[in-house]
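Worksheet: the structure to be examined is printed underneath.
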Amino acid sequence: MSDLKKLTPLPAEFYRRNTLEVAMDLLGKVIVRIYRNQMLNVMITETEAYIGDHDPACHSYKKFTERNRIMYEQGGKVYIYFIYGNYYCFNIVTGQKGEGNAVLIRSGKPLAGIEKMNNLRGHVKNIHDLTNGPGKLCMALGIDQKFYGDDVTEKKKIFITASKGLKSFTACSSRRIGLNKGEHLPYRFFIKDNPYVTLHKFNREIISETKIKL
DNA sequence: GACAAGATTAGCT
DNA sequence: GCTAATCTTGTCT
């Protein structure tokens, strides 16, 4: 990846749109994480949308709590939660203030700082397993609860920047992984035939395909 | 205070 | 494919 000085965060307007559009448009974008003066880069390959208004799987569905309060802020804020006693999940709030929407960043392709990420993960055998899951991604990027409420439109410890080098790909949608509610909704998005995506049978149950040209 | 559920993962069969 | 590990959060008493 290129020089940090040349990288610009995607603007707030990018996130303050329809959550499903943002979830699909985040595919191919690059996470920039500054970890102890070293830059780590991961290209986003898989996302899931969560929409407070009508989505029973969403943490902000019909209720405001201490945990989900950041989801009601304007798009661009970071929502982190701790799950199953071990893992963090990294979400970006979308839409307008008061809506309660977010996109979960599920997987990515490591681009730079791979050795550091592998150290943080505890040395995986296959590079494909480095960041192909929401818990793994957070571990590899050193993301924890401290990032709750940060803003990815600011050029600080973590932000998202435009795709580099990727010309075109096919975006697929499927049901979301690991849910007991709202599992029928086609709110998961991933890059077709990309090896850095969660291994799951839903990868073979594609609901829609969209050709993307950058 | 107690208790059940959970947007996961690694490891084993 | 199946399951244990592990603990925060939300909800109820």
Side-chain angles (χ1 to χ4, degrees), chain A residues 15 19-20 22-24 26-27 31 42 44-73 75 77-95 99-108 110 117-150 152 158 160 172-191 195-205 207:
Chain A
Y15 303 100
T19 303
L20 297 174
V22 176
M24 187 182 293
L26 276 169
L27 297 176
I31 302 171
V42 171
I44 297 170
T45 55
E46 180 185 4
T47 63
E48 283 179 357
Y50 288 87
I51 303 176
D53 177 55
H54 63 268
D55 174 7
C58 183
H59 288 170
S60 61
Y61 179 61
K62 289 184 176 174
K63 60 173 189 272
F64 181 94
T65 66
E66 177 57 25
R67 180 175 70 162
N68 69 25
R69 66 185 161 77
I70 201 70
M71 295 179 76
Y72 292 93
E73 292 300 314
K77 296 291 181 186
V78 173
Y79 170 47
I80 303 284
Y81 62 88
F82 188 63
I83 191 75
Y84 294 117
N86 267 317
Y87 307 102
Y88 294 100
C89 290
F90 171 55
N91 301 249
I92 302 176
V93 176
T94 59
E99 292 182 347
N101 306 325
V103 172
L104 169 67
I105 310 299
R106 282 195 60 94
S107 299
M117 289 191 266
N118 203 18
N119 285 338
L120 288 165
R121 283 274 288 126
H123 299 96
V124 299
K125 290 177 190 166
N126 190 326
I127 188 175
H128 293 161
D129 297 326
L130 200 50
T131 52
N132 64 340
K136 299 176 191 176
L137 183 79
C138 284
M139 212 182 299
L141 291 175
I143 294 173
D144 59 27
Q145 201 66 43
K146 291 195 295 291
F147 287 78
Y148 186 99
D150 279 8
V152 291
I158 190 163
I160 315 290
C172 297
S173 73
S174 79
R175 294 149 70 196
R176 293 170 294 182
I177 294 175
L179 303 184
N180 290 312
K181 304 168 191 165
E183 61 281 330
H184 60 288
L185 295 168
Y187 288 178
R188 172 174 177 251
F189 301 93
F190 59 97
I191 296 180
Y196 299 91
V197 162
T198 305
L199 291 170
H200 198 280
K201 64 176 183 179
F202 289 173
N203 293 355
R204 285 173 268 113
E205 298 174 17
I207 293 166

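Convention: sequence-line order gives letters A, B, ...; per-chain numbering from 1.
- Closest to the side chain of A:N180, out of C:dT11, B:dG6, B:dT8, is B:dG6.
- One interatomic measurement links the two molecules: NE2 of A:H200 to P of C:dG1, which rounds to 10 Å at whole-angstrom precision.
- Side-chain polar atoms of A:H54 and A:Y61 form no donor-acceptor pair below 3.5 angstrom.
- Residue A:Y50 holds its OH atom at 8.0 Å from CG of A:N91, rounded to the nearest 0.5 Å.
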What pairs of donor and acceptor atoms, side-chain ones from residues 127-141 of chain A against any protein atom, are under 3.5 angstrom apart with sequence neighbours left out?
from, atom 1, to, atom 2, distance (Å)
A:T131, OG1, A:G108, O, 2.6
A:N132, OD1, A:K136, NZ, 2.9
A:N132, ND2, A:H128, O, 3.3

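- For A:Y87, the listed nucleotide lying nearest its side chain is B:dA10; candidates were C:dG10, B:dA10, B:dA7.
- A straight line from CG of A:N126 to P of B:dG11 spans 14 Å, rounded to a whole angstrom.
- Comparing B:dA7, C:dG10, B:dA10 against the side chain of A:K63 picks out C:dG10 as the nearest.
- At the heavy-atom level, A:R67 lies under 4.0 Å from the strands shown only through sugar-phosphate atoms.
- Spacing between atom CZ of A:F190 and atom C1' of B:dA7 amounts to 17 Å, rounded to whole angstrom units.
- Comparing A:Y84 and A:Q145 by the nucleotide of DNA chain C that holds the closest heavy atom to each, the one mapping nearer the 5' end is A:Y84.
- A cation-pi arrangement is not found for A:R69 relative to A:Y148, the charged atom failing to lie both closer than 6.0 Å to the ring centre and inside a 45° cone about the ring normal.
- At a threshold of 4.0 angstrom between heavy atoms, the contacts of A:R188 with the nucleic acid are absent.
- The side chain of A:R121 sits closest to B:dA10 out of B:dA10, C:dC7, B:dT8.
- Residue A:I83 contributes atom CD1, which lies 18 Å from atom P of C:dA4 at whole-angstrom precision.
- When the C1' atom of B:dA10 is taken as reference, atom CG of A:L137 falls 17 Å away, rounded to whole Å.
- A pairwise comparison of heavy atoms in A:C89 and A:I83 identifies SG-CG2, 4.0 Å as the closest pair.
- Using a cutoff of 4.0 Å between basic side-chain nitrogens and carboxylate oxygens, A:K62 and A:D53 are not scored as salt-bridged.
- Remark: A:K201 is not in phosphate contact with C:dG1, judged by side-chain N or O atoms under 4.0 Å from OP1 or OP2.
- Ring-base stacking between A:Y50 and B:dA7 is satisfied, the centre separation being under 5.5 Å and the plane angle under 30°.
- Checked for salt-bridge contact, A:E183 and A:R175 miss the test: no charged N lies under 4.0 Å from a carboxylate O.
- The OH-C1' distance, from A:Y79 to C:dT9, rounds to 9 Å in whole Å.
- Across the protein-nucleic acid pair, A:N86 atom CG and B:dA5 atom P stand 19 Å apart, rounded to whole Å.
- Distance A:F90 CZ to B:dA7 C1': 15 Å, rounded to the nearest Å.
- Stretches of at least 3 consecutive Watson-Crick or G-U wobble pairs, with each checked distance under 3.5 Å, appear in DNA chain C as B:1-6 with C:7-12, B:8-12 with C:1-5.
- Within the 4.0 angstrom heavy-atom criterion, base atoms lie near A:N91.
- Between A:Y88 and A:Y81, a ring centre-to-centre spacing not shorter than 6.0 Å is recorded.
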